[in-house]
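Below, read A as the first sequence line, B as the second, and so on, with proteins coming before strands; counting in each chain starts at 1. Worth knowing before you read on, the calculation uses all heavy atoms, side chains too, and leaves out hydrogens, waters and symmetry mates.
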Amino acid sequence: MRPKPVGATFALQRLLVLLRSNLTAMLLVLPAANYQPSDYLPILIQFGLALAFVAFAMIVSHLVGPKRNSTVKDASFECGIESVGNARTPISVKYFLTAIVFVLFDVEVIFMYPWAVNFRALGNDGFIAMILFMFFLLAGFAYIIKKGILRWNEA
Amino acid sequence: MDFPPLAWQGLVVLVVFGVSLLIATYSTYAERVIAAFLQDRVGPDRAGPFGLLQPLADAVKLFTKEEFFPAGANRALFVFGPCLAMVTALMSSAVIPFGNVLQFGETAIHLQGIEINVGMLYVFGMVSLGVYGIMIGGWASNNKFSLLGAIRAASQNISYEIAMGLALIAVLMMSGTLSLREITFQQVSDAPFVWQDIFNWNVMKQPLGFIIFIVCAFAETNRTPFDLPECETELIGGYHTEYSSMKMGLYLFAEYINVFVASAVMSVLYFGGFNFPFQAELRNWLVSSQGLELVTAQNIITILGLVGLFAKIFSFIFFFMWVRWTLPRFRYDQLMRLGWTILIPLAIFNIMLTGGLITFGVIK
């Protein structure tokens, strides 16, 4: 690796170069290896085994166990008192907000995988680009925290 | 008889599959024995010598229990939930490199079911699919406790997945590959200084990343102190409140298999996989002083490496159980705050630090 000092002017100059270059082309520099599509075949064997085991467990336990049901017994469990209403109720919006934020952040993390694998090949340019990317990511992150997505004890 | 390579690989997949099921079964036994040890009790000791047949008795019990469907449950999804949880749990173990190559004449057996160049991504994808099993099962039960457990599980798993992925990125920056096998080989040292072997493990270069990863592994496998989806003091049984017989068993097994896979991944990523200290010296000694052939010596090293990797995995599984009986459960807002405001910024800082150290040539 080139241990070059990253000064402010140097960084700006590099950034300009970077903006002109094609980032997608840079991210596609995969390390050469002789992997074949057929390497993925044993996954099917594994999937078949897993499926067979689960089917076996389900069918055998279905056939072996006793079956006796009544209205009271089939009611959903609520600590012994009579069940009230339906469980398909609206839930706290906090969970939904978490899910939305997860979708955004997970996409960002996926972007970082090809970058991380090619980190050495991309050199300083890639590092500076990702520092900028992380900066924007953290800015958005600070905003959602400020908006109170994690204030669970309030309504 | 001529055995094609794919058949050998299929055999290895079968063995890995059996071993992960066996380890999951005996994890239930180990959990009870360790709990008994930590709480100064006797633990299971009736079925067979030292209670070793207890898991078999449990399996028979689970198979013969009544299959229960609550009224108002969505029957198809109610069955599909545990099936999905178990299938995804069983799928991830085969990409883990349990050992190097065993060479018998012309045949070389890789002690790894599936060697693909995206191994780590594959494990990660399978583990994240596992949460759907819990979510579907909890929702389909039509029980308020199950629903609460299911949405807690979903919310918790996705929150900690981000921090886990970010912690992993720092390792990938150093390794430059997603293949677990290559990551293992990168943690070998040929330097003359013998203890270099241990200093070459990723945990020495990524201590912060490892701590983030192991905390997230606890949350991803729903283990204490993050077992809020099934905390029995608040939610009866959480998402599996209404489950019985083998459907319940599949959820329990899936959790233990996930613990096993998480332990194996941590051993491979951070603790050198099947490498162990002094392996080069031992091989040289076997060849020069004992007069063995290089192939035989290498086979012995491979088998010792396999044993070493399993020792690492079992230590991690023991750690998971040790923590369960040591730390109390988090409150839900504490859990979310830890995940979002501490682990994610720490992980991003770790990436920046690693990137800086690599760019300035501190880490090779």
Portion of B:L147 that has a non-hydrogen atom of chain A nearer than 4.5 angstrom: side chain
Interface moiety of B:N157 toward chain A, non-hydrogen atoms closer than 4.5 Å: neither
Closest heavy-atom pair and its distance - B:S93, A:Q46: OG-NE2, 3.7 Å
Crowding at CZ, A:F47 (>12 non-hydrogen neighbours, <6.0 Å): no
Part of A:I145 lying under 4.5 Å from any heavy atom of chain B: side chain
Segment of B:V79 engaging chain A (4.5 angstrom heavy-atom cut-off): both
Donor-acceptor contact below 3.5 Å, side chain B:E66 vs main chain A:R68: yes
Leading residue by heavy atom contact count with chain A [cutoff under 4.5 Å; candidates B:T88, B:T341, B:L62, B:N142]: B:N142
Interatomic distance, A:F119 atom CZ to B:S175 atom OG [nearest 0.5 angstrom]: 12.0 Å
Contact class of A:M112 relative to chain B, heavy atoms under 4.5 angstrom: both
Residues A:H62, B:S245; criterion side chain to side chain contact (heavy atoms under 4.5 Å, CB included); working and verdict: CA-CA 9 Å; A:H62 178 74; B:S245 93; over 6 Å; no
Portion of B:A254 that has a non-hydrogen atom of chain A nearer than 4.5 angstrom: neither
Side chain / backbone / both / neither for B:S146 at chain A, heavy atoms under 4.5 Å: neither
Flag if over 12 foreign heavy atoms under 6.0 Å of NZ, A:K67: yes
Residue part contacting chain B, namely of A:I43, when any heavy atom lies under 4.5 Å: both
Approximate separation, where rounding is to 0.5 Å, of B:T64 OG1 and A:L63 CG: 13.0 Å
Heavy atoms from other residues, nucleotides or ligands near CZ of B:F63 exceed 12 (cutoff 6.0 Å): yes
Atom pair CD1 (B:I351) and CZ (A:F127), whose distance is rounded to the nearest 0.5 Å: 10.0 Å
Chain A interface, residue from B:L172, B:V171, B:D333, B:I151 that has the most non-hydrogen pairs under 4.5 Å: B:I151
Parallel, tilted or perpendicular, as decided by the 30° and 60° cut-offs, for the rings of A:F53 and B:F17: perpendicular
Side chains of B:L90 and A:L49 in contact at under 4.5 Å (non-hydrogen atoms): no
Under 3.5 Å, sequence neighbours excluded: what are the donor-acceptor pairs made by side chains of residues 98-110 of chain A?
from  : atom 1 : to    : atom 2 : distance (Å)
A:T98 : OG1    : A:K94 : O      : 2.7

Among B:K144, B:M352, B:M246, B:K247, residue most engaged with chain A (heavy-atom pairs, under 4.5 Å): B:K144
Segment of A:I131 engaging chain B (4.5 angstrom heavy-atom cut-off): both
Side chain to side chain donor-acceptor pair (under 3.5 Å) partners for B:N143, two or more places apart: B:E242
Gap separating the CG atom of A:L138 from the CD1 atom of B:I348, nearest 0.5 angstrom: 4.0 Å
Residue-level contacts of residues 121-132 of chain B with chain A, using a heavy-atom cutoff under 4.5 Å: B:L121, B:Y122, B:F124
Leading residue by heavy atom contact count with chain A [cutoff under 4.5 Å; candidates B:W139, B:F253, B:F145]: B:W139
Heavy-atom pairs under 4.5 Å with chain A, option from B:V118, B:T354, B:L148, B:V95 with the top count: B:V118
Check against side chain to side chain contact (heavy atoms under 4.5 Å, CB included), B:L250 and A:M58: CA-CA 9 Å; B:L250 288 186; A:M58 284 308 200; 3.8 Å; yes
Residues of residues 160-169 of chain B near chain A, each having a heavy atom less than 4.5 Å away: B:E161, B:I162, B:G165, B:L166, B:L168, B:I169
Structural part of B:R331 lying under 4.5 Å from a heavy atom of chain A: neither
Residue selection (most heavy-atom pairs with chain A, distance under 4.5 Å) from B:M336, B:M120, B:M91: B:M91
Part of A:F96 within contact of chain B (heavy atom distance under 4.5 Å): neither
Neighbour count >12 (heavy atoms, 6.0 Å) for atom CZ, B:F349: no
